[in-house]
Structure formats: C-alpha cells, structure tokens
K.L.:
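I'd like to ask you about the structure that follows.
Everything quoted here is computed from the prediction, not taken from an experiment.
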Amino acid sequence: MLNIWVVMPTCLPLVLRRCHTCASGTFRASGKFRVNAHHKLIDVWLLVLCTGCGETAKLTVLERVNVRSVRPDLLDRLHDNDLALTAELLQDPVVRRRNRIALDWDGAWHLDTGGSDHLDREAIDVSVRFAAPIPVRPVRLIAEACGLSRAEVERLITEGRLVSTARLNGKVSGDFTFTLKHQDGWPGTIRGDQAPPSTGLI
C-alpha cells in the first residue's frame, strides 16, 4: 500500500535580499501590489518589507507590458492584493531570477504523514508530494517522521533497507518515492502509538 506524505507551506517564506538601508538580508512579503498604468503599458511590483528596519522594496512582476496582454482575472487579483497570488509569484522561478532573490523556507512548512499506523509495517512505500517547491533534505525528513536519528537513516541507506530513485542525501523540492524495510523493529525506539512529528525544519 502506497502511503502519501505531503510537504505543505504554513506561511509565506522570507525573501533573501540585501537591504540598502540596514544590514539585514531578509524581507517579508507584505501581500500588497503596486500597479502603475501609463497609457497602454502597465508595470506591477510586489512590495516586500525589510525584517530589520521595515524599509519597503519592490519586486518586479510585470514591466512595460501592454495592458491588453494581461488577463482580466490577473488584473483583478493584483488590484485585490490577492495573498494566494503573492505565494504563486514568490514561487515563480522567472520572478525570482528577474529580481535576483532566493527564498528562505525555514519554519514556513510542515510535513503531513497522515498518522503513524503505517510505520509499524515490515516495509513501507511512501510517496512524498510537495504542495509548493520547498527544498528539503529527504534524510532529515524521513528521520523526523519516523522518530530516527539522521545517522540511523544513513545506516538504513547503506544497508539497502531504504531505497529511492531520488538522492536522499541532497536537497529536493519535487515529488519522490522511497521504500523503507526494517527487521526486528526500527534502529531507534518507536512505538506504534507514538505519532510522528507533524513539522520539520530542514
């Protein structure tokens, strides 16, 4: 039976960008957009606030674009300061490259394993799915969900009892699957009635 784990965002990530006013290197999204129309052209920015001094910076979303080429529903969402649109744009690689920013997801996500009943089985097949492209380390994700240390998870990989087509020791931000087999219980102590952690920080 395939078990589904889901990596889910709990809030917006921080924006990694150097503040020109103070020494801070992080901004938080305000959830607000600035729209400037000039004749038939439109510019759109997402406003972010420095976590150190509160200075406002602008992330370019659209630049000198013909307003007729912008979908009406998108214009409505921009004018309404749609928070879901803020999340979508922060995750858009085009927007990140244009503004030369990265995202800090530390403390902004959690892992939903659907409970711990399946952890008692001799072997489990798990599909890890991402509700957003959040970079995580599978070794630590599996360790925290199963109540193991990272060293114990590494040993399971070495012994061939934890296998995956993904690189478990690196970082991934897309769906992957793995199979975990255990004999005579887990390397660490885990009880059938012990729920795995619902959150993890990678």
K.L.:
May I have all residue pairs that pass ring-ring contact (aromatic ring centres under 6.0 Å, His included) and include part of residues 141-172, sequence neighbours excluded?
P.N.:
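For residues 141-172, and leaving out neighbouring residues, there are no ring-ring contact (aromatic ring centres under 6.0 Å, His included) pairs at all.
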K.L.:
Passes side-chain contact (heavy atoms from CB on, under 4.5 Å), Thr179 versus Leu162? Steps please.
P.N.:
CA-CA 6 Å; Thr179 298; Leu162 173 56; over 6 Å; no
K.L.:
Would you kindly confirm whether Leu14 and Leu46 end up in one hydrophobic cluster when ILVMFWY residues are joined by side chain heavy atoms under 4.5 Å apart?
P.N.:
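Shared cluster, no.
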K.L.:
With clusters defined by side-chain heavy atoms of hydrophobic residues (ILVMFWY) lying less than 4.5 Å apart, directly or transitively, does Leu12 cluster with Leu103?
P.N.:
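Yes, it is one cluster - the side chains of Leu103 and Leu12 are joined through contacts under 4.5 Å.
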K.L.:
Can you name the nearest heavy-atom pair linking Ser164 to Thr177, along with the distance?
P.N.:
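Heavy-atom minimum between the residues: OG-O, 2.5 Å.
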K.L.:
Rounded to the nearest 0.5 Å, what separates atom CH2 in Trp45 from atom CD in Glu63?
P.N.:
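It is 8.0 Å, given to the nearest 0.5 Å.
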K.L.:
Sequence neighbours excluded, which residues qualify as side-chain contact (heavy atoms from CB on, under 4.5 Å) partners of Thr56?
P.N.:
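Per chain and number, Thr56 pairs via side-chain contact (heavy atoms from CB on, under 4.5 Å) with Leu47, Leu49.
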K.L.:
Flag yes if Val136 and Leu16 sit in one hydrophobic cluster, no otherwise; membership is Ile, Leu, Val, Met, Phe, Trp, Tyr, and two members link when side-chain heavy atoms are under 4.5 Å apart.
P.N.:
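Val136 and Leu16: separate clusters.
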K.L.:
Are the side chain of Asp175 and the backbone N or O of Phe130 linked by a donor-acceptor pair below 3.5 Å?
P.N.:
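Such a contact is found between Asp175 side chain and Phe130 backbone.
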K.L.:
Answer whether the closest heavy-atom distance between the side chains of Asn3 and Thr113 falls below 4.5 Å.
P.N.:
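No - every pair of side-chain heavy atoms lies 4.5 Å or more apart.
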K.L.:
Could you name each residue pair satisfying salt bridge (charged side-chain N to carboxylate O under 4.0 Å, His left out) that touches residues 87-98, not counting sequence neighbours?
P.N.:
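Sorted pair list: Arg77-Glu88.
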K.L.:
Please walk me through it: do Val126 and Leu180 pass side-chain contact (heavy atoms from CB on, under 4.5 Å)?
P.N.:
CA-CA 8 Å; Val126 177; Leu180 176 57; over 6 Å; no
K.L.:
Do Val35 and Val67 belong to the same hydrophobic cluster, where Ile, Leu, Val, Met, Phe, Trp and Tyr are linked whenever their side-chain heavy atoms lie under 4.5 Å apart, directly or via other members?
P.N.:
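In one cluster: yes.
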K.L.:
Going by the rule side-chain contact (heavy atoms from CB on, under 4.5 Å), which residues pair with Leu62 if we only count those two or more places apart in sequence or in a different chain?
P.N.:
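Testing Leu62 for side-chain contact (heavy atoms from CB on, under 4.5 Å), a comparison that skips the adjacent residues, returns Val44, Val65, Val70.
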K.L.:
Check whether any side-chain heavy atom of Ile134 sits under 4.5 Å from a side-chain heavy atom of Ser173, and report yes or no.
P.N.:
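Side chain of Ile134 against side chain of Ser173, heavy atoms only: no contact under 4.5 Å found.
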K.L.:
If every non-hydrogen atom of Val95 is compared with every non-hydrogen atom of Thr60, which pair is closest and at what distance?
P.N.:
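Minimum heavy-atom separation between Val95 and Thr60: CG1-O, 4.1 Å.
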K.L.:
Write down the atom of Glu152, the atom of Ser149, and the distance for their closest heavy-atom approach.
P.N.:
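Closest heavy-atom pair between Glu152 and Ser149: OE1-N, 2.8 Å.
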K.L.:
How far apart are the C-alpha atoms of Arg28 and Val15, what are their side-chain angles, what is the distance that settles it, and do they pass the side-chain contact (heavy atoms from CB on, under 4.5 Å) test?
P.N.:
CA-CA 6 Å; Arg28 62 177 179 83; Val15 175; over 6 Å; no
K.L.:
Rounded to the nearest 0.5 Å, what separation is found between the CG atom of Asp76 and the CZ atom of Arg71?
P.N.:
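So the CG of Asp76 and the CZ of Arg71 are separated by 10.5 Å.
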K.L.:
So does Glu159 pair up with Arg155, basic N to acidic O under 4.0 Å?
P.N.:
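A salt bridge is present here (some side-chain N lies under 4.0 Å from a carboxylate O).
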K.L.:
Set out, in order, the CA-CA distance, both residues' side-chain angles and the distance that settles side-chain contact (heavy atoms from CB on, under 4.5 Å) for Arg68 and Lys40, then state yes or no.
P.N.:
CA-CA 8 Å; Arg68 291 182 178 273; Lys40 296 181 179 181; 5.5 Å; no
K.L.:
Give me the atom names and distance for the closest heavy-atom approach of Gly107 to Cys11.
P.N.:
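For Gly107 and Cys11, the tightest heavy-atom pair comes out as O-SG, 4.3 Å.
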K.L.:
Taking the side chain as every heavy atom from C-beta outward, state whether Leu59 and Arg17 have any pair of such atoms under 4.5 Å apart.
P.N.:
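Yes, close enough: below the 4.5 Å cut-off.
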K.L.:
How about Pro138 and Val128: do any of their side-chain heavy atoms sit closer than 4.5 Å?
P.N.:
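No, every pair of side-chain atoms sits at 4.5 Å or beyond.
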K.L.:
State, with a plain yes or no, whether a side-chain heavy atom of Phe178 is found less than 4.5 Å away from one of Asp125.
P.N.:
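Phe178 vs Asp125: side chains apart.
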K.L.:
Within a strict 4.5 Å, meaning less than it, do heavy atoms of the Leu156 and Leu148 side chains meet?
P.N.:
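Yes. Closest side-chain heavy atoms under 4.5 Å.
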K.L.:
Between Trp5 and Val7, is there shared hydrophobic-cluster membership here, with clusters defined by ILVMFWY side-chain heavy atoms closer than 4.5 Å?
P.N.:
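Yes, same cluster.
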K.L.:
Please check: side-chain N/O of Asp80 versus main-chain N/O of Asp82, any donor-acceptor pairing under 3.5 Å?
P.N.:
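Answer holds: no.
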K.L.:
Could you state the interatomic distance from CG (Leu111) to CZ (Arg140), rounded to the nearest 0.5 Å?
P.N.:
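Result: 12.5 Å between the selected atoms.
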K.L.:
Who are the ring-ring contact (aromatic ring centres under 6.0 Å, His included) partners of Phe176, not counting sequence neighbours?
P.N.:
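Residues passing ring-ring contact (aromatic ring centres under 6.0 Å, His included) with Phe176: none at all.
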K.L.:
Could you report the tightest heavy-atom contact between Val6 and Ile4, atom names first, then the distance?
P.N.:
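In terms of heavy atoms, the two residues are closest at CG2-CG2, 3.9 Å.
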K.L.:
Is it true that Thr51 and Thr26 share a donor-acceptor pair across their side chains at a distance under 3.5 Å?
P.N.:
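Yes - a donor-acceptor pair under 3.5 Å links their side chains.
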K.L.:
Side-chain contact, heavy-atom cut-off 4.5 Å: Leu85 with Leu74?
P.N.:
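In short, these two side chains touch, coming nearer than 4.5 Å.
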K.L.:
Do the side chains of Phe27 and Ile101 get nearer than 4.5 Å, heavy atoms only?
P.N.:
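With C-beta onward as the side chain, the pair stays apart.
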K.L.:
Can you sort out the partners of Thr21 under side-chain contact (heavy atoms from CB on, under 4.5 Å), two or more places apart, ordered by chain and number?
P.N.:
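Testing Thr21 for side-chain contact (heavy atoms from CB on, under 4.5 Å), a comparison that skips the adjacent residues, returns Cys19, Cys53, Glu55.
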K.L.:
Locate the shortest heavy-atom distance separating Arg18 from Ala23; write the atom from each residue and the value.
P.N.:
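Reported closest heavy-atom pair: NH1-O, 2.5 Å.
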K.L.:
Evaluate salt bridge (charged side-chain N to carboxylate O under 4.0 Å, His left out) for Arg150 paired with Glu154, printing each intermediate quantity in order.
P.N.:
CA-CA 6 Å; Arg150 292 182 67 178; Glu154 294 279 5; 5.4 Å; no
